[in-house]
Structures are given as structure tokens and as C-alpha cells.
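Below is one structure, written out as C-alpha cells; comments come after it.
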Number of protein chains: 2
Amino acid sequence: METSQREDQQRAAARRRKELLEAADRVVLRDGPGASMNAIAAEAGITKPILYRHFGDKGGLYRALAVRHTDGLLAGLRAALDAPANRRDRVERTLDTYLAAIEARPQVYRFLMHPGEDSGQPESEQGFDAGRQSAPLLRRMGEELAQVIAERVDLGTGGEELARVWGHGIVGMMHAAGDWWLRERPCPRETLVRHLADLLWGRLAAAGDRTDGPGF
Amino acid sequence: METSQREDQQRAAARRRKELLEAADRVVLRDGPGASMNAIAAEAGITKPILYRHFGDKGGLYRALAVRHTDGLLAGLRAALDAPANRRDRVERTLDTYLAAIEARPQVYRFLMHPGEDSGQPESEQGFDAGRQSAPLLRRMGEELAQVIAERVDLGTGGEELARVWGHGIVGMMHAAGDWWLRERPCPRETLVRHLADLLWGRLAAAGDRTDGPGF
DNA sequence: GGATAGAGTTACCGATAGTAACAAGCAGGT
DNA sequence: ACCTGCTTGTTACTATCGGTAACTCTATCC
């Protein structure tokens with residue numbers, strides 16, 4: 001059995017690429033999304049042009065980095081979404097999976113979602129990049145959820161379009177609420193999950209008007 | 001009546017600042033969020049250091065720009081939110097106000113929300129800035145909505161916290177769905193508004209499971 | 001031994017944010 | 001008349017960053 005030279009080289013390149021990505025990960029998590037290509041190359045023990053040979057440009061590197069993390073998160077969400085349970089439980093578990101992920105690794109979250117903000121010391125403002133990572137993650141999650149909704153919920157005619165609207169809308173709700181919650185931590189995670197599920201369960205429509213209060 | 005020299009100067013400075021912001025607006029809307037300080041200064045008929053004297057740094061300029069647009073949008077949303085109508089109508093009108101705004105001026109929207117993406121020709125990737133504008137707008141809208149919810153909806157004890165969760169969640173839903181809709185335009189605006197309002201009205205909870213389809 | 005291919009380096013380019021340092025107009029006080 | 005102080009404006013510069021061209025080194029295959 002002869003592993004051809006070609007195959008060997010390709011495997012070596014893939015391994016190298018993975019090493020570079022891990023180095024980039026360390027730097028980005030340490031220096032924030034403003035990490036420079038020079039810094040990443042130095043962390044990997046090499047120099048810039050090699051990074052460019054592997055990833056094309058900075059966007060390519062950051063995209064590869066984002067895909068790594070995004071895939072991990074999406075796998076978890078898919079599991080929660082497809083679990084054998086009633087709908088309310090599935091929704092709560094999915095919300096909780098997402099929130100637990102961003103709670104556990106806020107640095108990664110900020111890299112994926114808020115690539116414009118430094119995470120560490122108040123460094124110079126310039127040079128951050130890869131702003132376009134957040135939208136793809138949100139969009140991928142939205143499409144994923146839309147598909148699950150369309151598959152498992154009976155929405156009648158035109159349900160496919162409705163499912164997509166809801167998929168993106170629910171993901172956006174989860175994202176914005178999670179972002180706010182991560183910043184202010186106003187309540188424990190389960191509470192947030194319950195509140196959001198309540199919202200999706202129509203509690204806003206069911207609640208009565210307030211008639212008390214000053215002036216009424 | 002002596003207008004003191006000091007007051008005159010301050011008014012002149014404010015007027016100048018407004019002119020500069022208008023020039024910056026034109027450039028940003030033409031060149032996308034990657035507009036350089038040099039380009040903005042040239043459009044205003046001056047040179048860079050003056051911009052820096054007025055706005056401190058690029059973030060300051062972009063922040064001032066964002067505040068301008070954000071205030072306009074928020075005023076419209078407040079009006080729709082406080083209109084004398086039943087809750088469903090208010091919700092639909094608010095959603096429609098937001099979506100109409102981003103539909104009418106997508107360039108402004110992209111500047112506020114996706115500062116990382118060029119809008120025009122595929123220019124060089126570097127130099128965009130002011131990534132942190134989108135979060136403040138979303139947060140301000142979330143807090144605004146939370147306040148209206150807390151004021152007008154009876155949510156029982158702990159309602160204030162619930163209102164904030166919902167405020168941010170609903171704003172995120174609106175934002176993500178709007179972003180997706182603006183990109184793909186899969187349906188007319190009224191349809192999107194109705195779908196989102198239906199989601200908030202608990203139609204997801206009320207719908208039955210699908211039992212048809214291949215394999216079941 | 002000599003050609004070939006990849007990994008790696010140095011040294012550079014062009015653009016950008018941001019900053020001195022300096023010049024010109026214009027008030028008011030002496 | 002002259003100086004002082006303030007604002008507006010300029011030119012010319014620095015530092016940094018993304019990205020690239022051209023070169024070297026090493027190992028492998030013929």
C-alpha cells in the first residue's frame with residue numbers, strides 16, 4: 001500500500017492549516033478581533049506570506065475560523081432541535097443550548113457576532129475585520145430553524161414561506177435577547193429561556209392592558 | 001442685546017459640525033461604510049485634521065452619524081408604538097414602520113447595521129470602522145420597546161424584567177427578519193408584517209404537528 | 001549530480017488612521 | 001499701532017496594516 005506522495009502532502013497541508021487555525025484562534029481570543037496578521041503569524045511561529053498562501057486573505061482566515069466555531073454551535077442546536085420531545089421542550093432546550101454556548105465562551109461569541117469590538121485592553125481602534133461573519137452565522141441558524149419548522153409544524157398553504165420568516169425571526173430574537181442578557185446578566189439563564197418561550201407561546205397577545213398606574 | 005462672542009462661536013461651530021456631518025453622510029452613502037477620512041474631508045472641502053478636531057476620531061464621526069439616523073428612526077417607531085389603537089394594530093404598525101424605513105433607505109440601514117460590508121464597487125477590504133454602531137441602535141430600540149411594554153401591558157409581578165426580555169427579543173426578531181427580507185425579498189412587506197405579528201400572537205404554539213410527508 | 005516543488009523569509013508597496021507644526025484671519029485690550 | 005489669544009485651516013509626517021514580489025533553503029525524484 002503506497003500512500004502516494006501527493007496524498008501525504010495534502011494531509012500535511014491540512015494538518016498545517018489546522019495548526020495555523022489554532023494559533024489564530026489563540027491570538028483572536030487573546031487580542032480580540034483586531035488581531036493583526038503579523039501577530040497571528042508570529043503566534044504560529046511563521047511569517048505573514050504563509051498565512052496568505054493558506055487562506056488567501058484575512059477574510060479567508062477569519063471565515064475559516066468562524067466556520068469552525070459556527071459548525072460546533074450548529075451541531076449542538078440541531079441536536080436540541082431534533083430531540084424527541086414536545087415542541088415547548090424542544091424550543092426551550094434549543095434556546096438554552098444557544099445561551100449556554102455564548103455564556104460558556106463569550107470571547108468566541110464576541111468574535112463571531114461583534115467583530116468590531118476589542119475584548120482586551122483598550123487598544124487602537126484600527127484594523128479589525130471580518131465584519132461579515134456575524135450575518136452568515138445568523139443566516140445559517142435562521143435557515144436551519146426554518147427547515148425544522150417547515151418539516152415538523154403544520155402551517156397549511158404557504159407554510160414554507162411562513163417557516164422561513166419565523167426561522168429568521170426566532171433566531172434574531174434569541175440572538176438579540178442573548179446579547180443583551182450576556183451584557184447585563186439581569187437574570188439566570190433558565191428565567192431568560194422561560195421568558196422567551198413564553199413570548200413565542202403568545203403570552204404577549206394573551207396579557208391584558210394595564211389600566212393602573214399614575215395618571216389613569 | 002449682545003450675543004456674546006462665545007455664543008456666536010459655539011453656534012458657528014455647531015453649524016459647521018452639521019455641515020461636516022452632511023458631507024460625511026453623502027460620502028458614506030456613496031462609498032459605503034469603508035469611506036476614508038480623507039474622502040470625507042475632501043467632500044466637505046477641507047482636510048483631515050479638521051474632522052479630527054470636531055469628532056475626535058473616526059469612531060466619533062461615525063457615532064455622530066449613527067445617532068442622527070438612529071434618532072430619526074426611533075422617533076418614527078415611538079409614534080407607531082404610542083398610537084391610539086389596539087395592541088395588534090400597534091404591533092403591526094411598528095413593524096411596518098421599521099421595515100418601511102429600512103426598505104426606503106437600505107444604504108443607511110447597512111451603514112448602521114452592517115458596517116463591515118461595502119455597498120458599491122468591490123473595493124479593497126480594509127479600513128471600515130464603527131462596527132459598534134449596530135448594537136447601540138438595537139439596544140436603544142430594545143429598551144424603548146421594553147418601556148412601552150412595561151407601561152401598557154399587564155404582566156403581573158416581575159413584569160418589568162419580562163418586559164425587557166421581550167423588548168430586546170422582539171426587536172431582535174424584527175431586525176433579523178428584516179435583514180433577511182431586505183436581502184431576499186421573498187414576499188411583500190405586509191405579508192412579512194403579518195407573519196411576524198402572527199408569530200408574536202402565538203401561532204407557533206397553536207399550530208399542530210405535521211404528520212404527513214414522506215416516511216411517516 | 002541536477003532539476004523540481006513546496007515551505008519559508010526579507011523587503012517592499014499602497015492605503016489608512018491619526019498627529020505635529022506651522023500659517024492666516026480676526027477679535028479685543030493696552 | 002501692536003501684541004495676545006483663539007479658531008480655522010494647511011502641509012507634511014508617523015505608525016500600522018493588509019497584501020505581494022522575489023528570493024532562499026531543503027528535500028525528493030530522475
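Chain letters run A, B, ... following the sequence lines, proteins first, then strands; residues in each count from 1.
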- Query: With sugar-phosphate meaning primed atoms plus P, OP1 and OP2, does A:Ile50 contact a base, only sugar-phosphate, or nothing at under 4.0 Å between heavy atoms?
  - Reply: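 Here A:Ile50 touches the bases of the nucleic acid.
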
- Message: Counting the atoms with a prime plus P, OP1 and OP2 as sugar-phosphate, which does B:Ser36 contact under 4.0 Å by heavy atoms, base, sugar-phosphate, or nothing?
- Response: sugar-phosphate

Measure the distance from [atom1] on [X] to [atom2] on [N] and round it to the nearest whole Å.
X: A:Met37; N: D:dT20; atom1: CE; atom2: P; answer: 10 Å
X: A:Arg16; N: C:dA5; atom1: CZ; atom2: P; answer: 22 Å
X: B:Glu19; N: D:dT8; atom1: CD; atom2: C1'; answer: 13 Å
X: A:Asn38; N: C:dT9; atom1: CG; atom2: P; answer: 11 Å
X: B:Asp57; N: C:dG18; atom1: CG; atom2: C1'; answer: 9 Å
X: A:Arg17; N: C:dG6; atom1: CZ; atom2: C1'; answer: 17 Å
X: B:Leu51; N: C:dT19; atom1: CG; atom2: C1'; answer: 14 Å
X: B:Leu20; N: D:dT8; atom1: CG; atom2: C1'; answer: 11 Å

- Message: D:dT8, OP1 or OP2 - any side-chain N/O from B:Arg15 closer than 4.0 Å?
- Response: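 Negative; the distance criterion is not met.
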
- Query: Phosphate oxygens OP1/OP2 of D:dC6: is one of them under 4.0 Å from a side-chain N or O of B:Arg53?
  - Reply: no

- Task: Flag the pair B:Glu103 and B:Arg189 as a salt bridge only when some basic side-chain nitrogen lies within less than 4.0 angstrom of an acidic carboxylate oxygen.
- Result: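 Answer for the salt bridge query: yes.
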
- Item | Lys/Arg N to Asp/Glu carboxylate O, A:Glu144 vs A:Arg140, below 4.0 Å |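 No, this pair does not count.
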
- Got a sec, which residues hit side chain to side chain contact (heavy atoms under 4.5 Å, CB included) with B:Glu43, two or more places apart in sequence or on another chain? B:Ala23, B:Arg26, B:Val27, B:Arg30

- Message: Could you tell me if B:His69 and B:Asp25 have a donor-acceptor pair between their side chains, going purely by distance under 3.5 Å?
- Response: yes

- Query: Around atom CZ of A:Arg152, are there more than 12 heavy atoms of other residues, nucleotides or ligands at under 6.0 Å?
  - Reply: yes

- Net bend of the helix from C:dG1-D:dC30 to C:dT30-D:dA1, end axes of five pairs each, nearest 10 degrees: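 Rounded value for the end-axis angle: 30°.
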
Which one, [options], comes nearest to the side chain of [X]?
X: A:Thr47; options: C:dT10, C:dT19, C:dA17; value: C:dT10
X: B:Lys48; options: C:dA20, C:dT10, C:dA17; value: C:dA17
X: B:Pro49; options: C:dG8, C:dG18, D:dT10; value: D:dT10

- Aromatic ring pairing B:Tyr109/B:Tyr98, orientation class (parallel under 30°, perpendicular over 60°, tilted between):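 B:Tyr109 and B:Tyr98: perpendicular rings.
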
- Distance-only donor-acceptor test, B:Lys58 side-chain atoms vs C:dG18 base atoms, 3.5 Å: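 Side chain to base: no pair present.
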
- Query: For the rings on B:Phe55 and B:Tyr62, is their centre-to-centre separation under 6.0 Å?
  - Reply: no

